[in-house]
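Lettering of chains follows the sequences in order, A, B, ..., and the numbering in each one begins at 1.
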Protein chains: 2
Amino acid sequence: MKKVTLSDIARETGFSIKTVSRVINEEPNVKEETRRIIKEVITKKDYSVNIMAKALKSKTTKTVIVFIDKHSGGYWNAWHSLIMKDLILKFKERGFKVIFSPSSGKDAIEDETDGFELLKSGIADGALIFDNMTNDIRIKYLMSNGIPFVIVGKDLDSQNTSYVDLDNYMAGFKGANYLIEKKCERILFFLGYEVFTVDQERARGFKNACEKAGVDYKIVFNIDKIDKLYLVSKEIINEFNPDGIFVSGDEKAIALYKSINELKKKIPEDIMVLGIDNLPQSRFLYPPLSSVDQNVDQFSSKLVNLLIEMLYKKNVKAKRILIDPKIIERESTLR
Amino acid sequence: MKKVTLSDIARETGFSIKTVSRVINEEPNVKEETRRIIKEVITKKDYSVNIMAKALKSKTTKTVIVFIDKHSGGYWNAWHSLIMKDLILKFKERGFKVIFSPSSGKDAIEDETDGFELLKSGIADGALIFDNMTNDIRIKYLMSNGIPFVIVGKDLDSQNTSYVDLDNYMAGFKGANYLIEKKCERILFFLGYEVFTVDQERARGFKNACEKAGVDYKIVFNIDKIDKLYLVSKEIINEFNPDGIFVSGDEKAIALYKSINELKKKIPEDIMVLGIDNLPQSRFLYPPLSSVDQNVDQFSSKLVNLLIEMLYKKNVKAKRILIDPKIIERESTLR
DNA sequence: CTGAAAGCGCTTACAG
DNA sequence: CTGAAAGCGCTTACAG
């Protein structure tokens, strides 16, 4: 069975390609009778437009591409999944198709399997970029080609890009202050890799709060996965002897609970624990985990609204939005 | 900055479009000197092919599209995330780009935001379909248009489709038998919605094993999320008084642990718990969760291999592959 | 209200 | 080793 094209419909109905095109795109200036006939044949033949041919000419696809981490999830966590679900729903409501494709800011150009190739071909009208890095070649490309895009995360390279990000500094700052208010005096902070802005910022906020209050603190980087945390945490806890532990990523808290248990310490009596992300599962841990909530709903709404605004209007001024974190209190920090 | 095209390069170098095309596609029959000159200008002008224009003519894109649940994750769980990561990696190794797009077997045709539109336009050479349903209109379309695809999950409608699926019957069967060997005599099974084949099959295997052994059992459907499980589990446990609980989806086990704890029962002494999926976090629960492992690595390998085989050879015979589940034993079932 | 022509950026099939 | 022509399936700009 061959693909049905515009001209097949034209031939079958006796009208021109152009008239058929008018019907398909719901344009005016077609006799009702003509419209009816053409629509009938379209349905009968199960015709559907070829988006690529259309895009080649009209340069618009009603599709948005979302670039996600190519190395696929060393640090693709539960939070990423939550926001992906939200994006799907919200773009759909606005009438856009979404595609997700793996891509990296480092080798988006040379690597033939990088999803960024697709965007260069005009497959999408605009893009969302996760996991951007300093000197991201994709951002340069998008800017110089005038393609609308929003970065998911801070961009420190340029003043003219739009981004939405969690206020990671405040996440670290508020988290530390909260534990300090709860009378913690020796606070440990487990974080991911120091090369990521997210982790740097959280560390910075945490450090400032601790130093201002004059409490002891220790920051441990490179804890990217749950296994890693379990591997190193007991020794560090024994050495530093904290009365409060802050952990970046609720999912890692599960392993932390295990470590603390095995050291025969109690949460929250001996050690309070505070997470970041407020995952759905966290309230079911024992004890339920307090966590810094990142408001996924607000985050994804801002992303979608901003990109769609850029898609419709030209020359939207660059906007930079920070989502304010909020502490959700549960038993892991109540004594 | 306008997009650079083939003819821009041709004009600049003084060669024809066709010769430039030869260089880009690494075809033979071009003088070394010519190749060098053209390559130089390509680099200088930062040219990259327009995949859409190319596909319009050559009908091949080196791209694979993966359709995921459109309603975005009512039941998109941690297992889905794991396999997505794996697919990205494995398609990449084989030189293919991947895009993920939300789509539904019910309204892929009418809904303009459904990712299936993209495939109809030939954006991808082949497809993977998650969350297929009975009478899936996408499967009909793909079959009648001769587009290679593999279904992720059983297809009961047709004999001529290829699929890879977990052997869900065996997952239910082996899980039940394992608990029976461990001397459980009253076994509860929490599952998702009965409309899904996955859940039906797991239930069927479970039931057969229990009946064969003559133990008491109870199957509870409609437990799609962690909150739901927590909401209903205590009452059901009190009523049925199980000594073994089997739960479909490790992530829900967290809430189950909480329920059991709050009922002042001990795992595994009073109640053994067995999950399905063997998520990375499960070994860190307290006590560590035994689980039916679904071998994500093998699963994704089979999917990728099968689809790529179909992409290269015509008329590959339909294959149906079932992944054999394996029980991973941990403390939650050891007494 | 309708249509003929040109062109989007490529490749295929052919000629030289 | 190189190129001119036709065409993939659409839309744009124009004419009638």
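Considering only the side chain of B/Lys54, C/dT11 comes nearest among C/dT11, D/dT11, D/dT2. The side chain of A/Ala53 lies closest to D/dG9, out of D/dT2, D/dG9, C/dG9. In this structure, the nucleotide among D/dT2, C/dC10, C/dG3 sitting nearest to the side chain of B/Val30 is D/dT2. The listed nucleotides are C/dC10, D/dG3, D/dG9; the one nearest the side chain of A/Leu56 is D/dG9. Of the listed nucleotides (C/dT2, D/dG3, C/dG9), D/dG3 has the atom at the smallest distance from the side chain of B/Arg22. Checking C/dT2, C/dC14, D/dC10 against the side-chain heavy atoms of A/Asn50 singles out D/dC10 as nearest.
A tilted orientation is assigned to the rings of A/His80 and A/Phe130, their planes being inclined by 30° to 60°. Ring geometry, A/Tyr141 versus A/Phe116: the interplanar angle exceeds 60°, so the pair is classed perpendicular (tilted spans 30 to 60°).
No engagement by A/Ser121 is indicated, since no non-hydrogen atom pair under 4.0 Å with the nucleic acid exists. Counting non-hydrogen atoms under 4.0 angstrom, B/Lys18 reaches a base of the nucleic acid. Base engagement by A/Asn29 is indicated by at least one non-hydrogen atom pair under 4.0 Å involving a base atom. At a threshold of 4.0 angstrom between heavy atoms, the contacts of B/Ser7 with the nucleic acid are absent.
In this structure, D/dA15 forms a base pair with C/dT2, meeting either the Watson-Crick or the G-U wobble geometry with both donor-acceptor distances under 3.5 Å.
At C/dT12, none of the side-chain N or O atoms of B/Ser58 fall inside 4.0 Å of OP1 or OP2 (strictly under the cut-off). For B/Ser16, no side-chain nitrogen or oxygen approaches OP1 or OP2 of D/dT2 to under 4.0 Å. Phosphate contact (OP1/OP2 of D/dC10, side-chain N/O of A/Ser21, threshold under 4.0 Å): absent.
Heavy atoms of other residues, nucleotides or ligands lying less than 6.0 angstrom from NZ of A/Lys302 number 12 at most.
In this structure, A/Ile9 places its CD1 atom 13 Å from P of D/dT11, rounding to the nearest Å. Straight-line distance from the CD1 atom of A/Ile17 to the P atom of D/dT12: 14 Å, rounded to whole Å. Look at CD1 on A/Ile38: it is 13 Å from P on C/dC1, rounded to the nearest Å. Rounded to a whole Å, the CD1 atom of A/Ile123 is 16 Å from the P atom of C/dG9. Rounded to whole Å, the distance from CG on A/Leu6 to C1' on D/dC8 is 13 Å. Rounded to whole Å, the distance from CG on B/Asp8 to P on C/dG9 is 8 Å. Between B/Phe15 atom CZ and D/dG3 atom C1' the separation is 12 Å, expressed in whole Å. Following rounding to the nearest Å, B/Ile24 (CD1) and C/dT12 (P) show an atom-to-atom distance of 13 Å.
Side-chain contact between A/Phe96 and A/Val304: absent, with no pair of heavy atoms (C-beta onward) separated by less than 4.5 Å.
Nearest-nucleotide positions on DNA chain C place A/Arg35 closer to the 5' end than the other of A/Arg35 and A/Lys57.
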Task: Worked verdict on A/Ile139 versus A/Ser158 for side-chain contact (heavy atoms from CB on, under 4.5 Å) - done: CA-CA 9 Å; A/Ile139 294 177; A/Ser158 161; 5.8 Å; no
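Of the residues listed (B/Ile9, B/Asp46, B/Asn50, B/Val41), the one engaging B/Val4 in a side chain to side chain contact (heavy atoms under 4.5 Å, CB included) is B/Ile9, and it is the only one.
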